[in-house]
Amino acid sequence: MIFAFLEHLCYNRRQIEGDVVMQIINMSKTKLNSLEPLVLPKDVTSTECELYKYHYYGKEKILKKLYLTNGIIFANKLYTIEALNSNKNNIPSNFIIPDSLVSINKQIEAFTMKYIKGINLSVVLKEPKITYEEKINYLKIIGRILEQMKNIRKYTELKDFYIGDIHEDNFLVDIEKQEIFVADLDSCKIADNKSFPGRYLTTTSILKYNEIKYQKLDEPDRVADYKITEDTDIYCYIIMILNYLYDGRVDKLSIEEFYRFINYLDDIGVDKELIECFERIVISSPNENPINYLDTLSPKQIAGARRLYKK
């Protein structure tokens with residue numbers, strides 16, 4: 001089965017990438033072990049890799065050493081990295097895409113990407129010194145990113161392009177410039193690759209209540225639980241917004257608990273159209289990007305949602 005899958009990936013690479021080949025950096029195990037590990041914030045974890053700071057010809061980079069370096073998941077990862085490289089002219093500059101593969105003792109086990117001096121959005125959303133308005137603005141920027149990707153799918157040859165694993169730790173915030181960078185794109189959906197897993201895209205998440213809109217994957221060589229689509233990207237984005245308002249994991253709520261919280265938001269005066277966007281994630285209608293309604297959230301409503309609901 002794995003050989004057929006690899007053949008499929010190679011065929012698609014010829015069709016999409018032509019003769020594009022990524023740079024490969026050769027490195028010894030000793031050199032790898034001498035690199036400085038990247039220290040993540042206390043509540044930010046990495047389950048699939050080790051991260052290092054890496055200086056390459058005067059440029060600061062991040063080296064991502066993968067734990068899994070064989071099998072279908074690894075083959076899908078390599079294909080995704082190379083598809084990002086070949087389509088980089090159509091990808092926004094704030095998307096942190098891999099720029100080189102790394103061969104360690106003659107085996108591809110890692111890749112490099114640009115180093116961004118940013119703070120994980122999860123940390124920013126918990127920081128009491130940052131105002132509600134600033135936090136909502138950062139969430140709006142992510143909504144604009146999704147609109148930008150929709151236009152890429154519509155107006156370029158890159159028709160199959162979604163972030164996939166959208167969650168608070170996969171966005172880096174430059175506080176000074178008020179910019180957001182998209183990280184961990186080696187797990188994105190692009191160029192007919194296989195869907196990767198997502199933090200909010202599991203069989204225990206609230207999307208399990210709608211198996212019509214969210215397509216469960218059951219093929220023998222599947223990598224993820226659900227197929228990545230525009231609906232799943234917007235679903236994850238809305239879960240991030242609701243997580244902030246709820247001050248917890250909304251994706252883990254039962255359907256009854258979900259509606260109880262939505263009704264509470266309605267009771268405290270949250271905009272009806274914004275609430276409709278929230279409700280859409282559990283019904284059959286296509287999901288709607290709520291970016292145009294986020295400005296309706298007042299500091300009083302946000303404080304009420306975060307501090308008073310659970311009481």
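FYI, the numbering just counts along the sequence from 1.
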- Message: Contact between Ile228 and Leu201 at the side-chain level, heavy atoms closer than 4.5 Å - yes or no?
- Response: yes

- Pairwise distance CE(Met22) to CZ(Phe111) - rounded to 0.5 angstrom: 8.5 Å

- Can you check side-chain contact (heavy atoms from CB on, under 4.5 Å) on Thr156 and Asn87, steps first, answer last? CA-CA 10 Å; Thr156 77; Asn87 288 284; over 6 Å; no

- Item | Any side-chain heavy-atom pair of Lys114 and Ile97 under 4.5 Å | no

- Task: Using a strict cut-off of less than 4.0 Å between a Lys/Arg side-chain nitrogen and an Asp/Glu carboxylate oxygen, indicate whether Lys65 and Glu109 qualify as a salt bridge.
- Result: yes

- Please tell me if the side chains of Glu133 and Pro299 come closer than 4.5 Å, counting only heavy atoms from C-beta onward. yes

- Item | Nearest heavy atoms of Pro41 and Val123, plus distance in Å | CB-CG2, 3.8 Å

- Distance, nearest 0.5 Å, that separates CG of Asp271 from CD of Gln301: 8.5 Å

- Query: Would Lys88 and Asp99 count as a salt bridge (charged side-chain N to carboxylate O under 4.0 Å, His left out) if you check the C-alpha gap in whole Å, the side-chain angles of each, and the deciding distance to 0.1 Å?
  - Reply: CA-CA 10 Å; Lys88 60 187 175 184; Asp99 50 31; over 6 Å; no

- Task: Can you see which heavy atom on Gly304 is nearest to which on Ile268, and at what distance?
- Result: C-CD1, 4.4 Å

- Okay, side chain of Lys29, backbone of Ile104: is any donor-acceptor separation there less than 3.5 Å? no

- Given side chains that start at C-beta, do those of Val124 and Phe171 come closer than 4.5 Å, heavy atoms only? no

- Task: Starting from the C-alpha separation in whole Å, work towards a yes-or-no answer on side-chain hydrogen bond (donor to acceptor under 3.5 Å, both in side chains) for Asn243 and Tyr200.
- Result: CA-CA 11 Å; Asn243 283 352; Tyr200 302 137; 3.1 Å; yes

- State, yes or no, whether a side-chain contact exists between Val102 and Leu32 at a heavy-atom distance under 4.5 Å. no

- Item | Value rounded to 0.5 Å, distance of CG in Asn120 from NZ in Lys126 | 10.0 Å

- Sub-3.5 Å donor-acceptor pair from the side chain of Asn76 to the main-chain atoms of Lys194, do we have one? yes

- Message: Quick one about Ser100 and Gln23 (side-chain donor to acceptor, distance below 3.5 Å, no hydrogens or angles considered), yes or no?
- Response: yes

- Phe261 and Leu207: same hydrophobic cluster, using ILVMFWY side-chain contacts below 4.5 Å? yes

- Walk me through it: do Tyr162 and Arg153 pass the test side-chain contact (heavy atoms from CB on, under 4.5 Å)? CA-CA 9 Å; Tyr162 307 94; Arg153 294 191 296 270; 3.2 Å; yes

- Look at the side-chain heavy atoms of Ile, Leu, Val, Met, Phe, Trp and Tyr, link any pair under 4.5 Å apart, and say whether Leu35 and Tyr56 land in one connected group. yes

- Item | Asp251 and Arg199 ion-paired at < 4.0 Å | no

- Kindly indicate whether the side chain of Tyr226, heavy atoms from C-beta on, has any atom under 4.5 Å from the side chain of Lys208. yes

- Of the non-hydrogen atoms in Ala224 and Pro197, which two are nearest, and what is the gap between them? CB-N, 3.5 Å

- Query: Ile163 and Ile145: side-chain contact (heavy atoms from CB on, under 4.5 Å), yes or no, with the steps?
  - Reply: CA-CA 10 Å; Ile163 296 177; Ile145 289 171; 4.2 Å; yes

- Message: Looking at Tyr52 and Pro37, would you say the former's side chain and the latter's main chain have a donor-acceptor pair under 3.5 Å?
- Response: no

- Task: Just jot down the side chain to side chain donor-acceptor pair (under 3.5 Å) partners of Lys135, sequence neighbours excluded, or say none.
- Result: none

- Check whether any side-chain heavy atom of Glu134 sits under 4.5 Å from a side-chain heavy atom of Gln178, and report yes or no. yes

- Query: When clusters are formed by joining ILVMFWY residues with side-chain heavy atoms under 4.5 Å apart, either directly or through shared neighbours, do Leu125 and Tyr138 land in the same one?
  - Reply: yes

- Query: With a distance cut-off below 6.0 Å to the six-membered ring centre and an angular limit of 45° from the axis, does Lys272 pair with Tyr293 as a cation-pi contact?
  - Reply: no

- Item | Heavy-atom pair of closest approach, residues Tyr214 and Ile281 | OH-O, 2.7 Å

- Item | Shared hydrophobic cluster for Phe181 and Leu63 (ILVMFWY, side-chain gaps under 4.5 Å) | no

- Task: Please check if any side-chain donor atom of Glu147 sits under 3.5 Å from a side-chain acceptor atom of Asn289, or the reverse.
- Result: yes

- Message: Quick check against the 3.5 Å criterion: does Arg222 have a side-chain atom that pairs as donor or acceptor with the backbone of Leu217?
- Response: yes

- Query: Hey, is the main chain of Val44 close enough, under 3.5 Å, to the side chain of Asp169 for a donor-acceptor pair?
  - Reply: no

- Message: Working to the nearest 0.5 angstrom, can you tell me the gap between Ile81 CD1 and Ile108 CD1?
- Response: 9.5 Å

- Message: Check Lys189 with Asp233, please: is the shortest side-chain N to carboxylate O separation under 4.0 Å?
- Response: no

- Note: Met113 and Pro98 closest approach over all heavy atoms is CB-CA, 4.1 Å

- Task: Using the six-membered ring wherever Trp is involved, compare the ring planes of Tyr132 and Tyr244 and label them parallel, tilted or perpendicular (cut-offs 30° and 60°).
- Result: perpendicular

- Give a yes-or-no answer on whether the side chains of Ser187 and Asp165 include a donor-acceptor pair shorter than 3.5 Å. no

- Message: Nearest 0.5 angstrom please: Ile91 CD1 to Leu158 CG, how far?
- Response: 6.0 Å

- Task: For the residue pair Tyr246 and Leu253, establish whether any side-chain heavy-atom pair is separated by less than 4.5 Å.
- Result: yes

- Task: Can you sort out the partners of Ser254 under side chain to side chain donor-acceptor pair (under 3.5 Å), two or more places apart, ordered by chain and number?
- Result: Glu256, Glu257

- Item | Audit row: Leu274, Leu294, side-chain contact (heavy atoms from CB on, under 4.5 Å) steps and yes/no | CA-CA 7 Å; Leu274 180 57; Leu294 290 182; 4.0 Å; yes

- Query: Judged by modelled atom types alone, do Thr202 and Thr204 share a side-chain donor-acceptor pair under 3.5 Å?
  - Reply: yes

- Message: Looking at Ile166, is its backbone amide N or carbonyl O close enough to the side chain of Asn170 to form a donor-acceptor pair, meaning the two atoms are under 3.5 Å apart?
- Response: no

- Item | Same cluster (ILVMFWY, side-chain, under 4.5 Å), Leu78 and Tyr67 | no

- What pair of heavy atoms forms the shortest contact from Phe278 to Leu242, and how long is it? CD1-CD2, 3.6 Å

- Task: Quick one: list whatever passes salt bridge (Lys or Arg N to Asp or Glu O under 4.0 Å) with Lys64, sequence neighbours left out.
- Result: Glu48, Asp184, Asp186

- Atom pair CD1 (Ile291) and CZ (Arg144), whose distance is rounded to the nearest 0.5 Å: 5.0 Å

